[in-house]
Enquirer: 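Take this structure first; my questions come after.
Proteins come first, then strands; the chains are lettered A, B, ... in the order of their sequence lines, and each starts at number 1.
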Amino acid sequence: MAEVDPSARPGDAPQPSTDAGGPTGPRYDRRSMRDVLIPALRDALEALGVPPPEEIQLERPARREHGDFSSNVALVSAKAAGRPPRELAGQLVDRLRAQPPRHVVDVEVAGPGFVNFRLDTAWLHEVVRAVVAAGASWGTSDVGAGRRVLVEYVSANPTGPVHAGHARGAVYGDSLARILRAVGHQVDEEFYVNDRGVQMQVFAASLAARAAGEEPPEDGYRGAYITEWAAEMPAEAAPLTWGEARALLDQEEVLEALDVRFDDWFSERRMVQTGAIDTTLADLRERGVVDDADGAVWLRSTDFGDDKDRVLVKSDGEVTYLLPDIAYHRDKFARGYDLLIDVWGADHHGYVPRMRAAIEALGHDPAAFEVVITQLVRLERGGQEVRISKRSGDLITLRDLIDEVGADAVRLTYLLQSVDSPQTVDLDLVAAQSVENPVFYVQMANARLLSIDRVAAERGLERRPLDEVDLSVLVHERELEVMRSLEVLGEVVLLAARERAPHKVTTWVRELASAVHGFYHDCPVLSPDTPEPLRQARWWLAVAAGTGLRAGLGLLGTSAPERM
RNA sequence: GCCCCCGUAGCUCAGCUGGACAGAGCAGCGGACUUCUAAUCCGCCGGUCGCAGGUUCGACUCCUGCCGGGGGCGCCA
């Protein structure tokens with residue numbers, strides 16, 4: 001399918017180059033309505049002699065009848081004001097009506113004492129201009145500026161292909177990084193390579209066995225890929241070195257097919273060579289959090305909230321997996337990150353307390369270390385569970401998954417719901433190009449919007465510069481819905497970033513797509529029946545909608561074909 | 001036994017720092033194409049938000065205890 005890069009579409013840069021110096025009108029600020037309404041409420045409270053609460057809350061009512069913005073100050077401040085919520089709300093409304101804030105056409109008391117604001121449509125028309133001006137950066141902000149964040153994810157062992165079980169973490173981690181960047185954080189992404197230890201030995205032995213035409217050792221790797229790779233392996237190659245390189249190549253390739261790229265693939269073995277592991281142990285000793293007992297070296301993690309102490313060096317002299325992991329995280333902090341986010345699978349959650357303890361033991365703020373646990377994904381095909389088992393060799397690789405349903409579908413599907421909940425994915429459904437598949441619903445919305453430009457070009461119709469177009473004709477409910485949806489992206493992104501919840505962006509994208517389909521259905525742009533001024537305005541709304549849609553999709557790392 | 005996640009419509013899931021009569025898609029039923037993509041749109045049907053307490057002016061949302069499902073509790077990674 002023809003894919004487009006959502007972040008770079010020529011048609012999305014409709015700003016006349018002559019205008020590049022700066023927007024002429026008042027610059028739209030995502031928080032502008034808040035910045036208008038909250039102070040207005042505060043002033044009104046003070047005028048009534050009521051001390052305003054620390055934070056005045058302003059929310060978007062779920063129901064249209066409740067206006068565009070709503071505040072619960074009257075409920076919150078009723079006690080302090082010494083009068084019933086509705087009475088206080090009524091007094092606030094009187095004051096606000098006397099001097100209505102910008103764009104406010106009505107203020108009213110509702111329910112138990114809410115103050116509801118109804119706005120004119122001009123503020124939404126400003127949104128269209130703002131989206132067009134922002135282009136692919138619509139929805140971004142700089143609230144997180146200056147914070148350096150490192151997101152570590154996937155980190156699969158270099159002993160085989162990335163399998164379907166890793167896919168959720170891969171897609172989640174990548175999208176989270178995009179979203180954190182969108183709010184201004186400086187984000188790096190890393191893949192930790194466990195290229196040392198027993199697993200690697202077993203892997204090498206398995207490869208060598210297959211190469212020699214023998215069965216892999218007991219507890220060895222039996223996947224079909226071992227046989228395939230063994231056949232590729234030159235006779236003189238060292239199985240461990242060659243095998244690791246082969247695995248990493250495979251992993252990097254398939255992750256790139258998903259548009260998942262890392263700033264660094266951090267090698268565990270490298271830390272042995274640089275002495276980082278020894279240094280870390282010495283550091284821990286110096287801090288007095290290490291005990292020698294039973295011939296082993298222990299981290300006294302119970303001092304930092306863990307339920308038992310943990311072995312760092314086994315009695316046979318080998319280090320456990322824990323010590324290099326600690327060394328890696330020590331290194332992360334040494335590189336100056338303010339926040340470390342690790343994305344782990346559900347099977348590793350028991351490991352969180354010891355890692356957190358180790359970080360605290362090293363003198364770091366444990367709050368600067370966050371672990372997101374992704375719950376398991378159950379794969380089904382036609383209602384039958386598909387087992388992902390490395391042992392049996394019957395494993396579904398990420399590559400299989402991409403081949404079967406496509407990269408965009410893989411990404412959007414995994415980003416459909418919170419990683420906190422276990423997910424069931426029916427492969428037949430995801431592969432199906434049907435209404436049951438949200439991926440196609442969203443991509444269809446984009447394709448339809450783009451078809452307007454295409455058909456217009458065929459008919460020789462011209463879109464006039466936005467500066468010359470009067471958007472005040474956009475009053476159809478379908479048009480308003482699109483604008484309202486576009487307007488909230490910034491807030492959605494902030495929330496998604498704060499809660500580490502990319503699926504909130506997915507939900508938003510689906511909502512916008514729904515609004516777009518409704519608009520497309522009821523508000524013809526190119527029809528001869530549409531008067532020219534309205535056509536121009538709708539056309540620009542379509543441009544803005546496409547821009548917003550692709551901005552959202554860009555945060556999910558999902559592209560959309562130009563036509564379907 | 002202890003720890004983590006989940007339990008919302010027949011199914012798959014949303015539900016923002018607690019807010020106004022709980023939302024969407026699919027499935028079911030009934031409508032809408034001489035028009036820029038009907039892969040769409042509209043309407044109807046459908047829920048004691050697992051159960052029981054508590055906090056609050058107000059709880060799907062916070063707290064406690066149960067019940068059910070998944071995952072984890074190694075000198076394995």
Enquirer: Listed in order of residue number, which residues of residues 65-75 of chain A have a non-hydrogen atom at under 4.0 Å from RNA chain B?
Expert: A:Glu65, A:His66, A:Ser70, A:Asn72, A:Leu75

Enquirer: Among B:C36, B:A14, B:G23, find the nucleotide with the atom closest to the side chain of A:Val525.
Expert: B:C36

Enquirer: What's the gap between B:C6 and B:C51 when it is taken at their C1' atoms, as a whole Å value?
Expert: 16 Å

Enquirer: Now, which nucleotide makes the Watson-Crick or G-U wobble pair with B:C45, with each of the two distances under 3.5 Å?
Expert: none

Enquirer: Under 6.0 Å between the ring centres of A:Tyr328 and A:Tyr192?
Expert: yes

Enquirer: What contact category does A:Ser451 fall into here, base, sugar-phosphate, or nothing, at under 4.0 angstrom with non-hydrogen atoms?
Expert: base

Enquirer: Could you give the distance separating B:G10 and B:U48 at their P atoms, to the nearest angstrom?
Expert: 8 Å

Enquirer: Give me the distance, rounded to whole Å, that separates B:U55 from B:U64 when you measure between the C1' atoms they each carry.
Expert: 11 Å

Enquirer: With respect to the phosphate group of B:A20, does any side-chain polar atom (N or O) of A:Arg60 fall under 4.0 Å of OP1 or OP2?
Expert: no

Enquirer: With C1' as the reference atom in both, quote the distance from B:U8 to B:C49 in angstrom, rounded to an integer.
Expert: 4 Å

Enquirer: Measure from the side-chain heavy atoms of A:Val455 and tell me the nearest of B:G72, B:U37, B:C41.
Expert: B:U37

Enquirer: For A:Glu380 and B:U12, give me the distance from atom CD to atom P, rounded to whole Å.
Expert: 9 Å

Enquirer: Less than 4.0 angstrom between a side-chain N/O of A:Ser421 and OP1 or OP2 of B:A14, yes or no?
Expert: yes

Enquirer: For A:Phe191 and A:Trp265, take the angle between the two ring planes, folded into 0 to 90°, and tell me which bin it lands in: parallel under 30, tilted 30 to 60, perpendicular over 60.
Expert: parallel

Enquirer: May I ask you to check if A:Arg310 and A:Trp298 form a cation-pi contact, with NZ or CZ under 6.0 angstrom from the six-membered ring centre and within 45° of the axis?
Expert: no

Enquirer: Taking any heavy-atom pair under 4.0 Å as a contact, classify A:Asp426: base, sugar-phosphate, or nothing.
Expert: nothing

Enquirer: Counting any heavy atom closer than 4.0 Å, what does A:Glu318 reach on the DNA or RNA strands: base, sugar-phosphate only, or nothing?
Expert: nothing

Enquirer: Could you please spell out the steps behind the side-chain hydrogen bond (donor to acceptor under 3.5 Å, both in side chains) verdict for A:Gln91 and A:Arg83?
Expert: CA-CA 11 Å; A:Gln91 292 166 339; A:Arg83 60 201 97 168; 2.7 Å; yes

Enquirer: Who does B:U17 pair with, Watson-Crick or G-U, both distances under 3.5 Å?
Expert: none

Enquirer: Write down the partner of B:A52 under the Watson-Crick or G-U wobble criteria, each distance required to be under 3.5 Å.
Expert: B:U64

Enquirer: How is A:Val76 classified with respect to the nucleic acid when contacts are heavy atoms under 4.0 Å: base, sugar-phosphate, or nothing?
Expert: base

Enquirer: Looking at A:Gln251 and A:Gly160, would you say the former's side chain and the latter's main chain have a donor-acceptor pair under 3.5 Å?
Expert: yes

Enquirer: For the residue pair A:His348 and A:Tyr351, categorise the inter-ring angle as parallel (less than 30°), tilted (30 to 60°) or perpendicular (more than 60°).
Expert: perpendicular

Enquirer: For the residue pair A:Phe114 and A:His66, is the inter-centroid distance of their aromatic rings smaller than 6.0 Å?
Expert: no

Enquirer: Any side-chain N or O of A:Gln375 less than 4.0 Å from the OP1 or OP2 oxygen of B:C6?
Expert: no

Enquirer: With respect to the phosphate group of B:C76, does any side-chain polar atom (N or O) of A:Lys314 fall under 4.0 Å of OP1 or OP2?
Expert: yes

Enquirer: If I pick the P atom on B:G15 and the same atom on B:A20, what distance separates them, to the nearest angstrom?
Expert: 15 Å

Enquirer: Both distances under 3.5 Å, Watson-Crick or G-U wobble: report the partner of B:A24, or none.
Expert: B:U12

Enquirer: Can you tell me how far P of B:G23 sits from CH2 of A:Trp508, to the nearest Å?
Expert: 22 Å

Enquirer: Please measure how far the C1' atom in B:A22 lies from the corresponding atom in B:U61, and state the result in whole Å.
Expert: 12 Å

Enquirer: For B:C57, does either OP1 or OP2 sit under 4.0 Å from a side-chain N or O belonging to A:Lys79?
Expert: yes

Enquirer: Would you call the rings of A:Tyr441 and A:His517 parallel, tilted or perpendicular, taking 30° and 60° as the class edges?
Expert: tilted

Enquirer: Hey, is B:C33 sitting syn or anti, using the within-90° cutoff around 0?
Expert: syn

Enquirer: Could you give the distance separating B:C11 and B:G28 at their P atoms, to the nearest angstrom?
Expert: 15 Å

Enquirer: Looking across every strand, which nucleic acid part, if any, lies under 4.0 Å from A:Asn116 by heavy atom: base, sugar-phosphate, or nothing?
Expert: base

Enquirer: Please test A:Asn194 against A:Glu268 for side-chain hydrogen bond (donor to acceptor under 3.5 Å, both in side chains), starting from the C-alpha separation and ending with a verdict.
Expert: CA-CA 5 Å; A:Asn194 292 105; A:Glu268 177 181 1; 3.2 Å; yes

Enquirer: Would you confirm whether A:Arg269, through its side chain, and A:Asp195, through its main-chain N or O, come within 3.5 Å as a donor-acceptor pair?
Expert: yes

Enquirer: In whole Å, I'd like the distance from the CG atom of A:Asp529 to the P atom of B:U34.
Expert: 13 Å

Enquirer: Should A:Arg478 be listed as having a side-chain N or O under 4.0 Å from OP1 or OP2 of B:C41?
Expert: no

Enquirer: With both distances kept under 3.5 Å, what pairs with B:G1, Watson-Crick or G-U wobble?
Expert: B:C73

Enquirer: Of the nucleotides B:A14, B:C16, B:G71, which has the atom closest to the A:Thr507 side chain?
Expert: B:A14

Enquirer: In this structure, how many angstroms lie between the P atom of B:G70 and the CD atom of A:Gln417, rounded?
Expert: 17 Å

Enquirer: For B:A39, take OP1 and OP2 only and decide whether either is under 4.0 Å from a side-chain N or O of A:Tyr520.
Expert: no

Enquirer: Does A:His503 place a side-chain N or O at less than 4.0 Å from the phosphate oxygens OP1/OP2 of B:G15?
Expert: yes

Enquirer: Rounded to whole angstrom units, what separation is found between the CD1 atom of A:Ile38 and the C1' atom of B:U17?
Expert: 13 Å

Enquirer: Picking from B:U37, B:A77, B:U40, which would you name as closest to the side chain of A:Met444?
Expert: B:U37

Enquirer: Take atom C1' in B:A27 and the same atom in B:A9, then report the distance between them in whole Å.
Expert: 11 Å

Enquirer: Kindly check if the number of other-residue, nucleotide or ligand heavy atoms within 6.0 Å of CZ (A:Arg270) is above 12?
Expert: no

Enquirer: What is the distance, rounded to the nearest whole Å, between atom CZ of A:Arg563 and atom C1' of B:U37?
Expert: 10 Å

Enquirer: Given atom CZ of A:Arg34 and atom C1' of B:C16, what is their separation to the nearest angstrom?
Expert: 10 Å

Enquirer: Counting just side-chain N and O atoms, does A:Arg459 come under 4.0 Å of either OP1 or OP2 of B:C36?
Expert: yes

Enquirer: Checking base pairs now: Watson-Crick or wobble, both atom distances under 3.5 Å. What partners B:U37?
Expert: none

Enquirer: By nearest nucleotide on RNA chain B, pick out whichever of A:Glu499 and A:Arg196 is the more 5' one.
Expert: A:Glu499

